[in-house]
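Within every chain, numbering begins at 1; the chains are lettered A, B, ... in the order of the sequence lines, protein sequences first and strands thereafter.
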Amino acid sequence: MLDYILIQAANGLVIGVLFALIATGLTIIFSILKIVNFAHGEIYMMGGYFGYYVITLLGVPPFPAVLVAMAITFLFSVGLERGLLTPLYSPRIERKADYGILITFGLSVFLRNIAIILFGPFPLRPPSFIEGDLIIGGLIISYDRLVAAGGGILLLGALIYFLNRTVWGQALNAVSQSRESASIVGINSERMYMLAFGLGGALAGGAGALIAPIYSLSPSMGLVPDTQAFVIVILGGLGSVSGTIIAALLLGLSENLFIALLPDPSRGPSYANAFGLFIMMLVLLVRPTGIFGRQHVAME
Amino acid sequence: MTLAGASCLSARNLAAGYVPGIEILHSVSVDAHAGEIRCVLGPNGTGKSTLLKVLYGFLKPSTGEIRSGATVLTGVAPHAMGRHGVAYLPQRPSVFPFLSVEVNLRLGAWSFRRRSVEVKRKIERAYAQFPILAERRHQTAGTLSGGQQRQLEFARSLFTEPRVFLIDEPTASIEPRITGQIYELIRGLARDGKAILLVDQNIKGALGIADYVYVMRTGSLYTEGPRSEFGDDVELLVSQWLYTHHHGASPAGPASAL
Amino acid sequence: MNDASPLIEAAGLAKHFGGIFAVDHLDLAVREGELVGLIGPNGSGKTTTINLMTGHLRIDGGAVRVRGHSVGGLPASGFAGLGVGRTFQITQLFGRMSVLENMLVPGLARPRAHKAHVIREARRHLEFLGLAALENLAAKNLSGGQQKLLELGRALMLEPRILFLDEPFAGVNPYLRDEIIRFVQTLHAEGRTFVIVDHDLDAIQRLVHRLVVMSRGRKIADGPLAAVRENQDVIRAYSGA
Amino acid sequence: MRRLDIALGLVLAILAAAFPFLVNAYWLHVMIIGMMSAIMAASWALLAGYAGQFSFGHMAFVAIGGYTAALLATDAGLPLPLGMLAGVIASAVFGGIIGWTCLRMSGPYLAIFTMAFSEVLRIVIVTEVEVTGGAGGITVPQLFHAQTDFPYYYLILALLIVSVGGMMLVVASRWGLFFRAIRENEQAAAAAGVKVTRFRIIAFAIASSLAGLAGAFYAPYIGILTPDVASQDQMGLVVAMAIVGGMESLPGAVAGAIAVEFLVEALRSYGQWRLVLFGALLLFTMRFARNGLITPGWLRLRGLVGLGAARLAREAAD
């Protein structure tokens with residue numbers, strides 16, 4: 001039993017790292033564009049498929065394939081932003097909030113269904129990063145999970161470095177704090193919206209490519225992470241990247257321990273998702289608008 | 001004034017508002033001259049801040065024109081104004097409160113970010129000019145006092161070597177004992193040949209450094225003239241600006257205001 | 001109900017945002033039939049005062065009384081029901097609804113309102129304000145000045161005892177300004193009470209009998225126009241010293 | 001050109017009454033599903049379009065209505081019509097409660113909250129296999145014992161007319177005025193004396209009860225009820241129907257629902273493409289025609305016919 005709990009905890013942390021990638025992407029998009037991207041889970045799904053085809057069609061080895069998939073997702077997201085979101089920046093369009101909700105919701109429906117056509121309804125699984133399992137005493141964990149977690153940690157580290165140490169990251173941060181002040185120093189906000197949406201998408205896409213060998217790819221795989229990412233952003237929220245990462249790890253961990261500790265094992269896995277959603281609903285009740293409070297990306 | 005030079009920025013007949021049909025400014029013309037401090041005074045709600053927003057491109061004028069020499073600046077986006085030699089210091093300091101002083105300065109060098117040597121040199125110069133910023137370089141800007149934030153803003157705005165400064169209530173949110181320093185700073189800019197257009201609620205303070213005065217009332221210029229034409233009894237002036245019956249804009253000179 | 005008590009009254013009214021008092025223990029009583037001007041430099045707490053006295057902000061201290069009855073905790077719609085009307089600094093209309101529909105909302109929200117009667121009343125007010133020809137236009141398509149008038153008309157549909165006007169003259173042209181002054185004077189002559197916040201001191205001076213001046217959340221002067229004009233504190237507050 | 005509306009109404013009424021005799025069983029089925037979807041889309045349009053509350057949990061109330069009816073009819077042995085009535089009441093009550101809990105939320109927060117509610121409910125239905133039958137679904141007894149779907153057709157036609165007619169009455173009444181006032185500007189509505197809290201809850205309860213009605217009809221008609229009714233794809237379909245029709249027009253939403261349903265079926269041979277199509281349709285409409293495709297189209301047609309009629313009248317006068 002103790003070993004089982006240990007394994008579940010380790011799995012929870014691995015999933016937590018990947019949740020963190022998805023959720024930080026959502027946070028960055030929200031901080032800069034001030035919209036909630038309801039299609040974020042579908043971008044994650046697309047990233048997974050991009051990775052799969054980069055490996056199977058182009059023959060790129062699994063590790064670099066993750067980076068290629070991220071680059072493709074970045075460009076793909078920028079294309080979506082240019083095509084669908086530019087009305088948000090025009091002063092002439094009324095009811096921007098409604099537009100942001102409906103257009104991204106519509107996008108999620110569209111991407112989910114076009115994925116069925118493009119990639120087929122059946123689960124696909126790319127080759128493993130590394131075959132086999134790591135066994136330490138009672139703890140058994142597959143190398144793929146370790147690679148996914150390690151890759152996720154590297155990407156999060158790179159993100160934090162980018163946001164804090166590079167001038168483009170700092171400019172993103174600046175725009176999230178004040179568009180007006182950013183334009184006073186000469187930063188063109190609209191280019192930052194492109195960058196933020198592309199970056200947010202690339203992070204989700206990276207998570208999709210990393211997770212693909214663990215769980216198979218399917219067109220509907222974005223549904224759960226989408227809502228989970230809301231849970232995380234709302235729990236850890238406040239637009240802070242570090243808060244988001246901590247909340248993601250906690251959610252991954254608690255969901256998996258919830259599965260392990262629920263007396264009825266047959267219900268555990270399904271209620272794990274409901275558990276996070278339920279907590280989020282409670283948080284929303286207490287703080288119905290203040291969730292994204294400070295609205296800026298920062299590593300604090 | 002001795003240094004008074006050619007007009008660096010001139011605006012003619014600006015009209016603007018935030019909502020169609022509500023005009024905050026009706027046909028306002030102002031100039032900024034090299035080496036001169038020109039201040040825009042008047043009760044609040046008369047459109048002084050709006051005027052600066054229009055000049056910097058945050059708000060498109062419905063009519064009128066803004067020029068700098070031969071260049072037409074009407075319709076230029078705010079983020080491109082720096083390239084045309086115009087700097088803007090809004091009422092609430094435009095520093096990024098959650099970023100460090102150093103990063104704030106680095107972002108001030110955004111337009112020439114690829115020339116890292118120049119960036120470094122200018123930041124060092126800013127530290128030399130404002131030692132308090134060097135001392136606090138790793139603190140977030142939000143933790144600085146109001147006066148220090150203003151210094152950071154001034155230091156940052158100097159990076160692009162602007163010729164015109166649009167300054168909105170520079171002493172509004174800062175400790176009274178250093179308002180003098182801020183005005184001294186502005187006076188220094190004018191001595192270096194910069195053109196200053198200053199909007200201020202602190203009428204005494206502004207009149208103390210002004211070379212030329214515009215007085216606004218309800219969206220129009222009420223009167224204008226060299227500083228010397230306005231007397232020294234500030235309270236008398238203010239009570240006249242506040243309470244005189246007056247309908248619409250008037251081309252009347254300062255004499256009729258007194 | 002007590003006729004001796006003021007129509008509306010703030011007693012020790014306080015509101016703070018993050019430790020700073022936007023309204024700092026303010027006493028303000030307005031009696032039936034008064035026409036009060038409320039002025040003060042930017043950020044002196046004028047709009048916050050209106051929001052507190054019309055139920056749009058929760059009070060942090062003190063009380064608001066309508067005809068002697070404490071009405072703290074009532075939502076804004078409750079204040080409206082008691083005949084406390086208001087306009088907003090930035091005009092707040094129902095943009096995609098017609099001019100007439102904008103007028104009908106407060107009319108039909110009154111208990112036991114009769115639709116035909118409300119429509120008649122709305123048309124009468126629109127006629128008075130010179131908007132009658134525009135009744136089928138969407139409110140967002142009106143000019144800014146017309147929007148201000150419509151907002152005033154909508155407040156009139158509450159059959160208010162008292163009207164708080166927040167910057168009715170901001171951005172309006174001189175002609176419209178005179179017109180609004182005339183409307184307020186007419187309505188006042190009909191027995192309505194007004195509190196007017198504005199920066200346009202000319203207009204305020206032409207309208208009001210009593211001037212209240214706020215600075216940094218506090219009342220620094222309150223009295224007849226002439227007395228307040230002599231008040232050095234007021235001059236000082238405005239010269240920024 | 002009001003007369004064109006009346007003419008269209010008459011033609012539609014005759015067509016609707018005769019429809020089962022004009023088509024085969026397959027298209028009758030499509031029409032029944034289309035009209036049921038029309039109730040869902042129109043009630044969502046009432047909530048989102050008129051009252052401005054963007055709920056993505058609408059399908060949860062369909063599920064509540066359906067499962068309440070099904071469970072009461074099977075496990076509790078209640079007569080099916082009574083179970084259906086209970087389903088409607090249950091979804092109204094839940095709708096009111098959800099409307100009350102999200103009073104302080106707006107925009108994306110309300111959308112996330114309602115989406116989460118819907119997902120939690122779906123997960124509970126999937127998991128509590130002993131009660132709900134889980135993902136495999138629950139078998140529901142038939143309402144009519146007839147050879148054809150005729151009785152179902154006339155029932156859903158009646159329900160559609162009653163529910164959309166009822167909503168149109170609400171929209172035309174002072175309540176509808178208050179819904180729109182709250183949508184346009186909550187603060188101004190409160191200043192105008194509108195009891196914002198009360199009417200936000202009422203809007204939620206009305207819309208939810210009609211979603212529940214659609215669910216209560218769906219369960220016995222299809223005969224099997226699965227948690228898929230509360231899926232986000234179903235929600236997307238309903239949103240697409242309302243938006244294509246014109247979110248702020250109830251007849252538009254009805255027309256949008258029936259048109260999309262027929263389009264989806266007509267394209268069945270193209271397999272999955274049909275689902276992509278409605279996603280694309282939704283995106284296209286939002287991006288380029290925010291008032292929907294059907295309502296503005298109809299208004300334009302009405303305008304053209306009006307102009308034509310006026311010209312004819314002029315020529316006749318000459």
| request: Counting only heavy atoms closer than 4.5 Å, note whether F275(A) contacts chain D via side chain, backbone, both or neither. | output: neither

| Which atom names give the shortest non-hydrogen contact between I101(A) and G107(D), and what distance separates them? | CD1-C, 3.4 Å

| Per-residue contact mode, S220(A) against chain D (heavy atom under 4.5 angstrom) | neither

| Value rounded to 0.5 Å, distance of CE in M247(D) from CG in D98(A) | 6.5 Å

| Side chain, backbone, both or neither: which part of V126(D) has a non-hydrogen atom closer than 4.5 Å to chain A? | neither

| Within a radius of less than 6.0 Å around CZ of F278(A), do more than 12 heavy atoms belonging to other residues, nucleotides or ligands occur? | no

| query | Is F50(A) atom CZ crowded by more than 12 heavy atoms from other residues, nucleotides or ligands, each under 6.0 Å away? | reply | yes

| query | Between atom CG of L282(D) and atom CZ of F110(A), what is the distance when rounded to the nearest 0.5 Å? | reply | 10.5 Å

| field | From L84(A), T104(A), L111(A), V109(A), residue fulfilling side chain to side chain contact (heavy atoms under 4.5 Å, CB included) relative to L283(D) | value | L84(A)

| Residue pair A274(A) / I123(D): nearest heavy atoms and the distance that separates them | N-CD1, 3.7 Å

| task | Answer with side chain, backbone, both or neither: which region of L223(A) has an atom nearer than 4.5 Å to a non-hydrogen atom of chain D? | result | side chain

| remark: So, the part of F113(D) with a heavy atom under 4.5 Å from chain A: the answer is both

| What do you reckon, is CZ of R82(A) surrounded by more than 12 foreign heavy atoms closer than 6.0 Å? | yes

| field | Straight-line distance of F105(A) CZ to M115(D) CE, nearest 0.5 Å | value | 5.0 Å

| message | Between M281(A) and chain D, with a heavy-atom cut-off of 4.5 Å, which part of the residue counts as in contact: side chain, backbone, both or neither? | response | both

| message | If I measure from the heavy atoms of chain A, does L237(D) come under 4.5 Å with its side chain, its backbone, both, or neither? | response | neither

| Atom CE in M286(D), atom CG in L102(A): separation rounded to 0.5 Å? | 4.5 Å

| Between R104(D) and V286(A), what is the shortest heavy-atom contact and its length? | NH2-O, 3.9 Å

| remark: Among E128(D), Q232(D), M235(D), the residue with the most heavy-atom pairs under 4.5 Å to chain A is E128(D)

| task | Identify the heavy atoms of A116(D) and L277(A) that sit nearest to each other, and give their distance. | result | CB-CD2, 4.0 Å

| task | Give, as side chain, backbone, both or neither, the part of F56(D) having an atom under 4.5 angstrom from any heavy atom of chain A. | result | side chain

| note | Counting heavy-atom pairs under 4.5 Å with chain A, the top scorer among L110(D), V124(D), T101(D) is V124(D)

| Measuring from I112(D):CD1 to L284(A):CG, what's the distance to the nearest 0.5 Å? | 6.5 Å

